[in-house]
Amino acid sequence: MAKDKETREERKARRRERRRAEQALPIVQAQALPAVPVRLDPAVVLGDIDAWNLRAEGGWLRFDARLEDGARAYLRPLAGGDAIADAPGPLLAVLGIGGPRRAGFNAGPARFRFNVLAPADDIGGVGLEGTALAEPASGLQHLRHRSREALLADTLLGWRHAARRGLPLFFVRAETDTSAGIEALGNGAAFGNFCTALDSLCAAAGTLGRPAQVLAMGLDFGLEDVVTADAGALAAGIRALMARITQEMRQRDLPPPVFLAVAEAGTARISDHPAIRAMQELAWCPGPHRLIVTAPSYMAAQDRFGRPTEAGRQLLAEMDAHALAACAEGEGWRCPLPVLAEYSGRQIRVLFDAQQDLVIDPRDPFHAGAAAGFRIIGTGPESRIRSVKVAADDPRSLILTCDRAPEGPAPRLLHACALEAAAGDAGPINRSAIRDTWQAAGSDGADLHRWALPADLPLHPGPAGKAAAPEGQKR
């Protein structure tokens, strides 16, 4: 009997084994079940914002939120950083290169601050200005200030927002330095940092899982050149710079960009410079590149250093945007450019390369005077322009009437170039009253116009009738 009965110790041991088995069972069952998604609390992960539908996908946090007017989808890197718009399409870049004048910016962040972004290198929309070399960055961050590139992106997004169209992401960066010549600019710190910006663009697009595209490339180097004395050499140097930029983009599988430039017209202290005539040549013969001369610089307000004011930068950015949009729609963009001047007696006929009919603005907003921005030189005895009118037989030509025939050893007709300073006028010395019929509403409520570009033309004796088209490559 004693052998058939369990001892107290054996019963305790059996109960211990049973409890261990019961405790082990839920563990085995839990391991067999599929993993349950972890709920992410927006308040814990994102902070006290109006956000919902938070989930982690890849290296990103995706969520919906009301960070601006209306609810939108956003992204934020899992590793931390700024939230950006979960936007459609490729990552679009608006880039710029030039001298110190390009480094200007307007105070405050972009209007579309989740869509207009800079590389996540804590530098911002304006680069290091030649003081150091940047490092590539794969992230994106908000802007503290609005460069010319950011103003252009904001303008395009504003139009799309008003039309209820998609709002893409923009990558913006301007690279500048203090190069004294166009050749030095293409081999200096600004160009090196521009190449780094391209690397950052491609890396950021790869992180987002979408293609990169350079929408526009701004060129802003003119009066800064103090070593290239010849306008033709400066124009050739700008073409060479465009070729190098295009090559760098092709090496990164980026298509050639649209180049944007403003026609140099000097300042309140500088009325003549090779850059003025270089831009005249490039406007007429840009070479194999897609170069758009969007506006003359005299139309934008300048500070005492000859740099655009905040209002001037905004205006030029809007002109850049209109030029880009017109070209994207197949309309093209050509500011009126004088290309041929012939005289007969006291009259001069000036033929323009113009997209629309010419207008002599009766308001004369830049105070060009009765000569509308024209001047005659090289005639021996001075020949002054008394009146300017649109030709009756050709709305894209002007008739200038002088006080005497413009004859002399080397007569030339200047337009918004090498003019004489007006007493008591603080604006740019070179200006014009000539534009075409294009106009659009500006963000400040004033009308934008396409004003005529500076030019320096030889004066030839010719017929009183319609002038022949000039020789040479035409755009």
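All residue numbers in this chain count up from 1 along the given sequence. Scope of the values below: all heavy atoms of this structure, side chains included, with no hydrogens, waters or symmetry mates.
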Under 4.5 Å between any side-chain heavy atoms of [X] and [Y], yes or no?
X: P406; Y: T379; value: yes
X: F374; Y: L398; value: yes
X: R250; Y: Q247; value: no
X: M279; Y: P454; value: no
X: L219; Y: R102; value: no
X: I376; Y: L400; value: no
X: L340; Y: R349; value: no
X: I348; Y: C402; value: yes

Charged N to carboxylate O below 4.0 Å: is that the case for R363 and D447?
-> no
Would you call R396 and D436 a salt bridge, using N to O less than 4.0 angstrom?
-> no
Looking at residues at least two apart in the chain, or sitting in another chain, which of them share a side-chain contact (heavy atoms from CB on, under 4.5 Å) with D199?
-> P136, R252
Residues which pass side-chain contact (heavy atoms from CB on, under 4.5 Å) with A422, listed by chain and number, not counting sequence neighbours | D425
Whether over 12 other heavy atoms sit under 6.0 Å from [X] [atom1]:
X: Q355; atom1: CD; answer: yes
X: R244; atom1: CZ; answer: yes
X: E68; atom1: CD; answer: yes
X: R160; atom1: CZ; answer: yes

Please name the pair of heavy atoms, one in [X] and one in [Y], separated by the smallest distance, quoted to 0.1 Å.
X: G312; Y: P308; result: C-CB, 4.2 Å
X: S432; Y: A452; result: OG-CB, 4.4 Å
X: A283; Y: L453; result: CB-CD1, 3.8 Å
X: C202; Y: L254; result: SG-CD1, 4.1 Å
X: T228; Y: L234; result: CG2-N, 3.6 Å
X: L358; Y: F352; result: CD1-CD1, 3.5 Å

Between the side chains of E318 and T155, is a donor N or O closer than 3.5 angstrom to an acceptor N or O?
-> no
T437-D357 side chain donor-acceptor pair, cut-off 3.5 Å | no
What is the distance from atom [atom1] of [X] to atom [atom2] of [Y], rounded to the nearest 0.5 Å?
X: R111; Y: D154; atom1: CZ; atom2: CG; answer: 7.0 Å
X: D361; Y: F366; atom1: CG; atom2: CZ; answer: 8.5 Å
X: S297; Y: N430; atom1: OG; atom2: CG; answer: 8.0 Å
X: F105; Y: E310; atom1: CZ; atom2: CD; answer: 9.0 Å
X: H289; Y: I292; atom1: NE2; atom2: CD1; answer: 14.0 Å
X: L315; Y: D444; atom1: CG; atom2: CG; answer: 7.0 Å

Those residues at least two apart in sequence (or on a different chain) that pass side-chain hydrogen bond (donor to acceptor under 3.5 Å, both in side chains) with S200 are none
Side chains of residues 124-131: which donor-acceptor partners sit under 3.5 Å, not counting sequence neighbours?
residue : atom : partner : partner atom : Å
T131    : OG1  : L128    : O            : 2.6

Can you name the ring pair (Phe, Tyr, Trp, His ring centres under 6.0 Å) partners of H460, sequence neighbours left out?
-> none
Short side-chain to backbone donor-acceptor contact, D364 and A433, under 3.5 Å = no
Yes or no on side chain to side chain contact (heavy atoms under 4.5 Å, CB included) for Q280 and L457, after CA distance, side-chain angles and deciding distance?
-> CA-CA 10 Å; Q280 173 191 352; L457 299 173; 3.8 Å; yes
Determine, for W451 and R431, whether the Lys NZ or Arg CZ falls below 6.0 Å from the six-membered ring centre while staying within 45 degrees of the axis.
-> no
Anything under 30° is parallel, anything over 60° is perpendicular, the rest tilted; go ahead and classify W159 against H322.
-> tilted
Plane angle bin for F191 and F194 - parallel if under 30°, tilted between 30 and 60°, otherwise perpendicular | tilted
Give me the one residue out of L260, L156, V258 that meets side-chain contact (heavy atoms from CB on, under 4.5 Å) with L215.
-> L156
Among R146, R313, H145, Q314, find the residue that satisfies the side chain to side chain donor-acceptor pair (under 3.5 Å) test when tested with N106.
-> R313
Distance-only donor-acceptor hits, side chain of residues 75-100, under 3.5 Å, sequence neighbours excluded:
residue : atom : partner : partner atom : Å
D82     : OD2  : H142    : N            : 2.9
D86     : OD2  : R62     : NH1          : 2.9

